[in-house]
Number of protein chains: 2
Amino acid sequence: MPKPEVDPTVQLELSVDRSSPVPLYFQLSQQLEAAIEHGTLTPGSLLGNEIELAARLGLSRPTVRQAIQSLVDKGLLVRRRGVGTQVVHSQVKRPLELSSLYDDLEAAGQRPATKVLVNKLVPASAEVAAALGVAEDSDVHRVERLRLAHGEPMAYLCNFLPPGLIDLDTDQLETTGLYRLMRSAGITLHSARQSIGARAATTEEAERLAEETGAPLLTMQRVTFDDTGRAVEYGTHTYRPTRYSFEFQLLVRT
Amino acid sequence: MPKPEVDPTVQLELSVDRSSPVPLYFQLSQQLEAAIEHGTLTPGSLLGNEIELAARLGLSRPTVRQAIQSLVDKGLLVRRRGVGTQVVHSQVKRPLELSSLYDDLEAAGQRPATKVLVNKLVPASAEVAAALGVAEDSDVHRVERLRLAHGEPMAYLCNFLPPGLIDLDTDQLETTGLYRLMRSAGITLHSARQSIGARAATTEEAERLAEETGAPLLTMQRVTFDDTGRAVEYGTHTYRPTRYSFEFQLLVRT
DNA sequence: GTAGTCAGATTGTCCGGACATACAGATTGA
DNA sequence: TCAATCTGTATGTCCGGACAATCTGACTAC
């Protein structure tokens with residue numbers, strides 16, 4: 001008895017709007033992604049060949065391929081020559097992003113609070129100057145913040161920003177995250193180099209985070225670059241490891 | 001006086017070999033990447049338009065675009081409509097990979113040594129079974145290793161693998177990394193979900209790593225998936241933070 | 001002198017087709 | 001019965017062209 005396997009995309013109500021300014025391949029990839037997220041396309045199921053899919057939608061094969069490729073890049077689909085394209089069957093959800101502590105907390109429903117400790121211009125130290133690519137002793141913004149969740153201190157964040165990029169309003173810093181401020185100022189975040197480690201808390205650090213001297217702290221240093229490759233932020237953060245850990249979803253470069 | 005700006009790719013001796021089985025777009029992207037790495041293409045320099053580049057190489061524009069796009073995805077190039085494609089001018093080097101401690105150490109010239117403490121089949125605990133997607137109490141490989149550099153303990157690695165994937169030879173485990181073993185067994189690593197945190201060392205952990213009880217430890221948990229989405233490895237690692245920290249290069253998803 | 005407008009340049013999107021390559025299953029042979 | 005071969009199918013690669021969207025810089029008008 002032949003397998004009753006049918007192309008699952010047939011049931012899907014796929015359609016594209018040619019009058020929309022949204023690219024056709026993007027419309028398609030969004031619909032496919034939604035179907036995967038929603039469970040309509042079950043993990044492991046084959047997607048049906050590109051040619052036929054293109055014909056059914058009235059698109060060309062390159063356009064369909066572009067849509068599928070974007071989902072492959074996100075890790076949602078797997079293509080196999082001679083076999084077909086199938087939905088990855090795993091817990092894999094989102095790839096990974098430039099994680100923002102504020103967004104992370106908000107997504108977890110923690111309603112984060114921020115207390116700005118310092119917000120001023122200071123001369124750049126050698127370390128800061130090297131990270132940001134500015135001259136030593138030139139002015140840079142220094143922002144120190146304490147991030148709280150449920151009234152408990154969670155992390156101490158010390159950031160440096162080159163001058164002239166955005167105006168750092170203390171009130172805004174207390175109600176939103178730094179990355180959101182930068183994005184809304186028209187800065188396109190592109191990549192970041194970061195280092196995660198651990199060390200014992202100094203007395204000063206312990207006091208800030210309501211820990212004891214010598215308690216383990218999770219540390220993170222990060223330099224963020226915009227789409228032109230300029231450094232736009234350098235930060236040194238310390239987290240209470242009982243309250244926070246870093247979660248990543250890595251994709252292997254191929 | 002007009003700008004003496006010239007297309008820097010002209011000086012480059014770009015060429016493709018049509019008799020090679022290596023795809024043309026890949027040949028081109030490799031040559032461009034090498035030129036960027038080598039400094040021949042300086043950061044910020046414009047790449048010259050795609051049409052002319054395609055004509056000079058005897059390629060079509062889609063092929064050239066595919067080559068350029070792969071470097072954009074790696075974060076080495078930036079395209080701007082109406083302007084052109086230019087080399088990112090920053091310290092950005094490699095994107096990020098599924099980091100392997102063994103490879104990291106070897107790249108740092110540390111000549112890592114490994115001591116296999118345990119290598120046997122055990123029934124899967126609830127935690128391991130959930131991570132690997134196998135039935136509870138079914139057999140899984142358990143591998144415990146101590147990683148040393150310069151004779152000093154550096155990390156304690158505890159890994160679980162589903163049975164039947166590879167044969168875990170203790171001698172091989174002591175001379176190479178787990179990921180290399182998996183790759184050479186034909187497993188295509190695809191993605192991983194990992195969590196990085198910190199905690200105080202228990203007496204047992206401290207003993208293994210030549211630290212003191214209560215000393216801060218860097219911890220990492222990871223589930224690795226192959227290209228079909230099956231979990232192929234689950235690991236719980238502890239690192240000495242004075243000897244090791246995690247370095248990432250993140251790209252923002254667009 | 002300043003602001004708005006226009007033209008050129010370059011990438012973004014999309015099409016239709018062609019052939020190569022690799023995998024899975026059926027067929028054929030020993 | 002088992003292994004080697006063949007065949008169909010699906011993706012991988014590549015081509016040549018067309019038009020749209022956007023940015024830069026120069027020109028024009030006020």
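All heavy atoms count here, side chains included; hydrogens, waters and symmetry mates do not. Worth saying up front: this structure is predicted, and the values here are computed from it rather than measured. Letters A, B, ... mirror the listed sequences (proteins, then strands); counts begin at 1.
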Under 4.0 angstrom between [X] side-chain N/O and [N] OP1 or OP2:
{"X": "Thr63(B)", "N": "dT13(D)", "result": "no"}
{"X": "Tyr25(A)", "N": "dC14(C)", "result": "no"}
{"X": "Arg79(B)", "N": "dG12(C)", "result": "yes"}

Between Val64(B) and Pro21(A), who's closer to the 5' end of DNA chain D by nearest nucleotide?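 So the residue in question is Val64(B).
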Polar-atom pairs under 3.5 Å, protein N or O versus N or O of nucleotides 16-18 of chain D: list them with distances, or write none.
unit_1  : atom_1 : unit_2   : atom_2 : d
dA18(D) : N6     : Arg61(B) : NH1    : 3.3

Whole angstrom value for the distance that separates [atom2] of [N] from [atom1] of [X]:
{"X": "Ile68(A)", "N": "dC14(C)", "atom1": "CD1", "atom2": "P", "value": "14 Å"}
{"X": "Arg18(B)", "N": "dC15(D)", "atom1": "CZ", "atom2": "C1'", "value": "9 Å"}
{"X": "Leu57(B)", "N": "dC15(D)", "atom1": "CG", "atom2": "C1'", "value": "15 Å"}
{"X": "Arg65(A)", "N": "dT11(D)", "atom1": "CZ", "atom2": "C1'", "value": "6 Å"}
{"X": "Ile51(B)", "N": "dA20(D)", "atom1": "CD1", "atom2": "P", "value": "16 Å"}
{"X": "Gln66(B)", "N": "dT11(C)", "atom1": "CD", "atom2": "C1'", "value": "16 Å"}
{"X": "Gln27(B)", "N": "dC14(D)", "atom1": "CD", "atom2": "C1'", "value": "13 Å"}
{"X": "Glu52(B)", "N": "dT11(C)", "atom1": "CD", "atom2": "C1'", "value": "15 Å"}

Compare all side-chain heavy atoms of Leu181(B) with those of Thr176(B) and state whether any distance is below 4.5 angstrom.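 Sidechains of Thr176(B) and Leu181(B): in contact.
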Any side-chain heavy atom of Asp171(A) sitting closer than 4.5 Å to one from Thr175(A)?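 Of all side-chain heavy-atom pairs linking Thr175(A) with Asp171(A), none is under 4.5 Å.
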First locate atom CD of Glu52(A), then atom CG of Leu57(A), and finally report the distance between them rounded to the nearest 0.5 Å.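 Rounded to the nearest 0.5 Å, the CD-CG separation comes to 10.0 Å.
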Gap between atom CD of Gln31(B) and atom NE2 of His38(B) - 0.5 Å precision: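 Separation between the atoms: 14.0 Å.
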Contact list (N/O, under 3.5 angstrom) for nucleotides 7-10 of chain D vs protein:
unit_1  : atom_1 : unit_2   : atom_2 : d
dA10(D) : OP2    : Asn49(A) : ND2    : 3.1

Any side-chain donor paired with an acceptor under 3.5 Å for [X] and [Y]?
{"X": "Asn159(B)", "Y": "Arg145(B)", "result": "yes"}
{"X": "Gln69(A)", "Y": "Arg79(A)", "result": "yes"}
{"X": "Thr224(B)", "Y": "Tyr179(B)", "result": "yes"}

Taking side-chain hydrogen bond (donor to acceptor under 3.5 Å, both in side chains) as the definition, give me every residue that meets it alongside Asn119(B), ordered by chain and number, with sequence neighbours left out.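 Asn119(B) satisfies side-chain hydrogen bond (donor to acceptor under 3.5 Å, both in side chains) with Thr170(B) once adjacent residues are dropped.
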Leu157(B), Val143(B), Leu161(B) screened by side chain to side chain contact (heavy atoms under 4.5 Å, CB included) with Leu178(B), the one that passes: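 Among the candidates, only Leu161(B) passes.
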